[in-house]
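Reading through the structure tokens given below for one structure.
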There are 2 protein chains.
Amino acid sequence: MRYHRADIVDRALAVLDEYGLESLTMRRLASELGVQPSALYHHVPNKQTLLAAIADEILRRGRRPHRATEWDGRVVELCGQLRDAMLAYRDGAEVVATAHTFGLGRDDTADRLRDALHDGGLPPDLVDLATRTFLHLVFGHATEEQTALQAASAGAIDRDPGGPDDFDRSLELVLDGLRARTHP
Amino acid sequence: MRYHRADIVDRALAVLDEYGLESLTMRRLASELGVQPSALYHHVPNKQTLLAAIADEILRRGRRPHRATEWDGRVVELCGQLRDAMLAYRDGAEVVATAHTFGLGRDDTADRLRDALHDGGLPPDLVDLATRTFLHLVFGHATEEQTALQAASAGAIDRDPGGPDDFDRSLELVLDGLRARTHP
DNA sequence: ACCTGAACACCGTTCAAGT
DNA sequence: ACCTGAACACCGTTCAAGT
């Protein structure tokens, strides 16, 4: 019984988390699996596709049951879930953000965000705008936080970490803007 | 008379704009300058530093005299200037955003954004929060727009471009949130 | 000071051949 | 179907040697 695609993605995620994105090479992954580099191309067409699959898996593992009932609570919950999922793996923010940038992986979170905003009674074009705005904030904040965390763990405490408080406050800022438009 | 550091950065920017980031290798740049790859290391310690210098140069070339007098107008102006600078060169958004992520290059725009927000009468911690929020929006939107532009020019019209309208509307959303706090 | 030439230690990907 | 072995066309970076 040989490897399947899921085994490759699973092991790639382990290598990513332990050694970081720059060490996640096809050759390195192959040797980690005790196989020739060329063997990987039977399970995955190229590295880019593998990275997209890794991004999807990171998000899948970060899914939690939703609890909030109000639209704004759901937005905060969804953004927080996305943020936590990215931060749960080393270089996770960069991997997920890059996959999103190139339109790879299905943007599940975007749709669920859109639904929540729609339920908030926002007009369709504002729903689209707000969805993108929140996604940009989540990616930006997660990337910044992950960089700060790695800099800190490397001994160089360069910049203010920011932390989860800043994240929530940033979301609230946009939510205030939206609320100001729904009941002016 | 041989090359100086500025010549290397200048030529690198030309290669970036014409062939894209993935083609901007030290070896390619060297051959473009008619020189051995090793010669570049007399002007720049490594590729990362070169990319940071390129990011700085992109921003420097995008600077315009400021015209707005009100704090919120200055925020929109500064964000627009940053966005336009990034979009003026192929893969410019990715280069500048990456340099910012790793804390390379001096974040001139961040300070000027902070000043504008301070003049708006916001409390110090909200100034910091809003500065980061706007930067995340600019990077996110510019990256998305640049990817869409390249996809469109490659023939594959994948996603809604968004455009400058969406950008301004996204900024206004956050500004509304800030205004709601300055005069509640 | 600036550059050459050669090397080191890697990459992603392809493809004929094996089982 | 899945993998090996070998190759192709590259990378970033270092360093002794030349001018």
Side-chain angles (χ1 to χ4, degrees), chain A residues 1-57 90-91 94-95 98-99 101-105 150 154, chain B residues 1-57 90-91 94-95 98-99 101-105 150 154:
Chain A
M1 175 62 167
R2 282 91 136 214
Y3 291 120
H4 287 109
R5 189 189 153 105
D7 304 314
I8 274 77
V9 173
D10 195 73
R11 193 59 163 261
L13 208 33
V15 173
L16 176 72
D17 201 39
E18 193 165 2
Y19 305 103
L21 183 57
E22 78 171 14
S23 294
L24 179 54
T25 67
M26 296 301 268
R27 297 180 107 101
R28 172 68 180 269
L29 176 58
S31 87
E32 203 85 16
L33 289 162
V35 109
Q36 292 290 323
S38 50
L40 298 178
Y41 291 86
H42 278 270
H43 304 98
V44 139
N46 50 50
K47 190 179 182 180
Q48 192 181 212
T49 304
L50 175 60
L51 285 170
I54 293 171
D56 282 344
E57 183 63 14
R90 164 126 78 133
D91 291 331
E94 195 177 336
V95 172
T98 302
T101 295
F102 291 105
L104 306 170
Q150 275 169 212
Chain B
M1 174 62 167
R2 282 90 136 212
Y3 290 120
H4 287 109
R5 188 188 154 103
D7 304 315
I8 274 78
V9 174
D10 196 73
R11 192 58 163 260
L13 209 34
V15 172
L16 176 73
D17 201 39
E18 192 165 3
Y19 305 102
L21 182 56
E22 79 172 11
S23 293
L24 179 54
T25 66
M26 296 300 269
R27 296 180 108 102
R28 172 68 181 268
L29 177 58
S31 88
E32 204 85 17
L33 290 162
V35 109
Q36 292 291 322
S38 49
L40 297 178
Y41 291 86
H42 278 270
H43 303 99
V44 141
N46 50 50
K47 190 179 181 180
Q48 193 180 210
T49 304
L50 174 62
L51 284 170
I54 294 171
D56 282 345
E57 182 64 14
R90 163 123 83 133
D91 292 328
E94 195 178 335
V95 171
T98 302
T101 295
F102 292 105
L104 306 169
Q150 275 169 213

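Heavy-atom basis, side chains included; hydrogens, waters and symmetry copies ignored. These numbers were taken from a predicted model, which means no experiment stands behind them. Below, read A as the first sequence line, B as the second, and so on, with proteins coming before strands; counting in each chain starts at 1.
- Side chain of A/D17 to backbone of A/A14: no donor-acceptor contact under 3.5 angstrom is found.
- Between B/H43 and B/D7, the closest side-chain pair of non-hydrogen atoms is not below 4.5 Å.
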Which atoms of nucleotides 1-3 of chain C (N or O only) lie under 3.5 Å from a protein N or O atom, and what are those distances?
{"residue": "C/dC3", "atom": "OP1", "partner": "B/Y3", "partner atom": "N", "Å": "3.3"}
{"residue": "C/dC3", "atom": "OP2", "partner": "B/H43", "partner atom": "NE2", "Å": "3.2"}
{"residue": "C/dC3", "atom": "N4", "partner": "B/H42", "partner atom": "NE2", "Å": "2.8"}

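- Remark: side-chain polar atoms of A/Y3 are paired, donor with acceptor, to backbone N or O of A/L33 under 3.5 angstrom.
- Straight-line distance between the C1' atoms of D/dA7 and C/dC11: roughly 14 Å, to the nearest whole Å.
- With sequence neighbours left out, the salt bridge (charged side-chain N to carboxylate O under 4.0 Å, His left out) criterion links B/D10 to B/R61.
- Atom pair A/K47:NZ and C/dC11:C1' shows a separation of 8 Å (rounding to whole Å applied).
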Under 3.5 Å, which donor-acceptor pairs do the side chains of residues 19-30 of chain B form with other protein atoms, sequence neighbours left out?
{"residue": "B/S23", "atom": "OG", "partner": "B/Y19", "partner atom": "O", "Å": "3.4"}
{"residue": "B/T25", "atom": "OG1", "partner": "B/R28", "partner atom": "N", "Å": "2.9"}
{"residue": "B/R28", "atom": "NE", "partner": "B/E32", "partner atom": "OE1", "Å": "3.3"}

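- Residues satisfying the salt bridge (charged side-chain N to carboxylate O under 4.0 Å, His left out) test with A/R11, not counting sequence neighbours, are none.
- Atoms OH (A/Y41) and P (C/dT13) sit 4 Å apart, rounded to a whole Å.
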Pairs under 3.5 Å (Watson-Crick or G-U), crossing ones as [ ], inter-strand ones as |: DNA chain D comes out as ||.|||||...|||||.||
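- When the C1' atom is used for both D/dC8 and C/dC10, the distance is 15 Å, rounded to whole Å.
- For A/A52, the side chain to side chain contact (heavy atoms under 4.5 Å, CB included) partners are A/L104, not counting sequence neighbours.
- Heavy-atom distances under 4.0 Å link DNA chain D to A/R27 of residues 18-32 of chain A, given in residue order.
- By the salt bridge (charged side-chain N to carboxylate O under 4.0 Å, His left out) test, B/R5 pairs with no residue at all, sequence neighbours left out.
- Residues satisfying the salt bridge (charged side-chain N to carboxylate O under 4.0 Å, His left out) criterion with A/E94, sequence neighbours excluded, are absent altogether.
- Looking at residues two or more places apart in sequence or on another chain, you find a side-chain hydrogen bond (donor to acceptor under 3.5 Å, both in side chains) between A/T49 and A/N46.
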